[in-house]
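Nothing here was measured: the structure is a model prediction, and the numbers come from that model.
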Amino acid sequence: MSFTLPDLPYSYDALAPYMSRETLEYHHDKHHLAYVNNGNNLLKGTEFEGKSLEEVVKGSFGKNAPLFNNAAQHYNHVLFWQWMKPNGGGAIPGELEKKIAADFGSVDKFKEDFVAAGVGQFGSGWAWLALVDGKLAVTKTPNGENPLVHGGTPLLGVDVWEHSYYIDYRNRRPDYLKAFVDHLVNWEYVAELYAKAS
């Protein structure tokens with residue numbers, strides 16, 4: 001099964017002013033496409049050919065770093081585009097909101113922890129909301145790593161590689177993360193993933 005670049009589920013300027021057309025064009029059309037092309041080349045002739053993306057990510061972790069880096073980044077980005085929507089943020093669907101409040105104490109505490117994880121990730125990486133052993137957890141990972149390879153199910157992730165925000169926010173990563181949580185998150189999609197995972 002080869003990797004393919006998915007279309008964005010919205011137009012390039014749909015997320016402005018929080019994420020610009022220029023950022024999406026570079027991030028989707030150049031960076032994500034590079035992970036797809038490199039991943040496909042690195043997949044050839046390996047034991048992972050013909051396997052699902054999740055299987056490739058889990059199977060190559062710790063065994064084949066170049067393949068893992070590209071496959072995991074492809075996996076992360078396929079979800080990342082769907083984790084955002086125009087006029088995002090806002091209300092969290094019922095069951096998920098209850099679970100967040102139960103596991104973090106409040107929605108605000110979760111948001112605070114999530115932003116702090118993104119700010120605190122040194123260098124390139126991701127911040128996550130994941131389901132781990134039936135409990136919600138905020139984590140952060142370097143480079144392309146994700147909760148899948150650490151025994152969790154990713155429900156929401158934010159890309160903190162500089163290409164994700166530098167055009168719009170320069171070095172103000174905290175502002176980018178706050179805008180992501182308050183104005184971009186597609187909570188319906190997160191709730192869908194939560195329902196599937198639980």
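Cluster note: I167 groups with Y26 through ILVMFWY side-chain heavy atoms spaced under 4.5 Å, whether in direct contact or through intervening members. Residue F122 is found outside any hydrophobic cluster, as its side-chain heavy atoms come under 4.5 Å of no other Ile, Leu, Val, Met, Phe, Trp or Tyr.
Counted by atom type alone, D175 and Y165 present zero donor-acceptor pairs between their side chains at under 3.5 Å. With no hydrogens or angles considered, a side-chain donor-acceptor pair links E55 and S52 at under 3.5 Å. Residues D108 and S106 bring no donor and acceptor atom of their side chains to less than 3.5 Å of each other.
For the atom pair CE (M84) and CG (L79), the distance works out to 11.5 Å, reported to the nearest 0.5 Å. Between the NZ atom in K51 and the CG atom in L43 there is a gap of 10.5 Å [rounded to 0.5 Å]. Note that CG of N143 is 5.0 Å distant from CH2 of W161, once rounded to the nearest 0.5 Å. From L42, atom CG reaches atom CZ of F48 across 12.0 Å, with rounding to the nearest 0.5 Å. To the nearest 0.5 Å, atom CD of residue E49 and atom OG of residue S2 are 9.5 Å apart. One finds the CD1 atom of I100 at 6.0 Å from the CG atom of L129 (value rounded to the nearest 0.5 Å).
Partners of E188 by side-chain hydrogen bond (donor to acceptor under 3.5 Å, both in side chains), not counting sequence neighbours, listed by chain and number: K85. E25 meets the side-chain hydrogen bond (donor to acceptor under 3.5 Å, both in side chains) test with R21; sequence neighbours excluded. Residues passing the side chain to side chain contact (heavy atoms under 4.5 Å, CB included) test with N41, sequence neighbours excluded: K44. Annotation: side-chain hydrogen bond (donor to acceptor under 3.5 Å, both in side chains) contacts of W81 (sequence neighbours excluded): H32. Every residue two or more places apart in sequence or in another chain was checked for a salt bridge (charged side-chain N to carboxylate O under 4.0 Å, His left out) with R170, and none qualifies. For D168, there are no salt bridge (charged side-chain N to carboxylate O under 4.0 Å, His left out) partners, not counting sequence neighbours.
Note on residues 87-98: pairs passing salt bridge (charged side-chain N to carboxylate O under 4.0 Å, His left out), not counting sequence neighbours, are E95-K98. Among pairs with a residue in residues 123-149, those fulfilling salt bridge (charged side-chain N to carboxylate O under 4.0 Å, His left out) read D103-K135, at least two apart in sequence or across chains.
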Indicate every side-chain donor-acceptor pair of residues 56-67 with a distance under 3.5 Å to a residue at least two apart or in another chain.
from: S60; atom 1: OG; to: V56; atom 2: O; distance (Å): 2.7
from: K63; atom 1: NZ; to: G59; atom 2: O; distance (Å): 3.3
from: N64; atom 1: OD1; to: L67; atom 2: N; distance (Å): 3.2

Can you list, pair by pair, the side-chain donor-acceptor contacts under 3.5 Å of residues 176-185, counting residues two or more places apart and other chains?
from: Y176; atom 1: OH; to: D159; atom 2: O; distance (Å): 2.7
from: Y176; atom 1: OH; to: S164; atom 2: OG; distance (Å): 2.7
from: K178; atom 1: NZ; to: D182; atom 2: OD2; distance (Å): 2.6
from: H183; atom 1: ND1; to: Y18; atom 2: OH; distance (Å): 3.4

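Note on V78 and M19: separate hydrophobic clusters, where clusters join Ile, Leu, Val, Met, Phe, Trp and Tyr whose side-chain heavy atoms are under 4.5 Å apart, directly or indirectly. Residues Y189 and L96 are members of one and the same hydrophobic cluster, defined by side-chain heavy-atom contacts under 4.5 angstrom among Ile, Leu, Val, Met, Phe, Trp and Tyr.
When all heavy atoms of H150 and T141 are compared, the pair lying nearest together is CD2-CG2, 4.3 Å. Closest heavy-atom contact between V132 and G151: CG1-O, 4.1 Å. Taking every heavy atom of both residues into account, P154 and L193 meet most closely at O-CD1, 4.1 Å. Between L33 and D29, the shortest heavy-atom contact is CB-O, 3.3 Å. In plain terms, the two heavy atoms of V138 and A117 that are nearest each other are CG1-CB, 3.6 Å.
Between F80 and W126, the ring planes are perpendicular. Angles over 60° get that label, and only those under 30° would be called parallel.
Proximity of F110 to L156: side-chain heavy atoms (C-beta onward) are separated by under 4.5 Å at one or more points. Contact check for W83 versus N186: no side-chain heavy atoms found under the 4.5 Å cut-off. Contact of the V158 side chain with the F114 side chain is registered, since non-hydrogen atoms from C-beta on lie closer than 4.5 Å. Within the 4.5 Å cutoff, side-chain heavy atoms of S198 are placed close to those of L131.
At least one donor-acceptor pair closer than 3.5 Å links the side chain of N76 to the backbone N or O of G144.
Ring to ring, H31 and H77 are not that close: their centroids are 6.0 angstrom or more apart.
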### Task
Verify side-chain contact (heavy atoms from CB on, under 4.5 Å) between Y12 and H28, making sure each step is shown before the conclusion.
CA-CA 10 Å; Y12 287 104; H28 176 270; 4.1 Å; yes
### Query
F3 and H74: ring pair (Phe, Tyr, Trp, His ring centres under 6.0 Å), yes or no, with the steps?
CA-CA 8 Å; F3 305 155; H74 173 47; 5.1 Å; yes
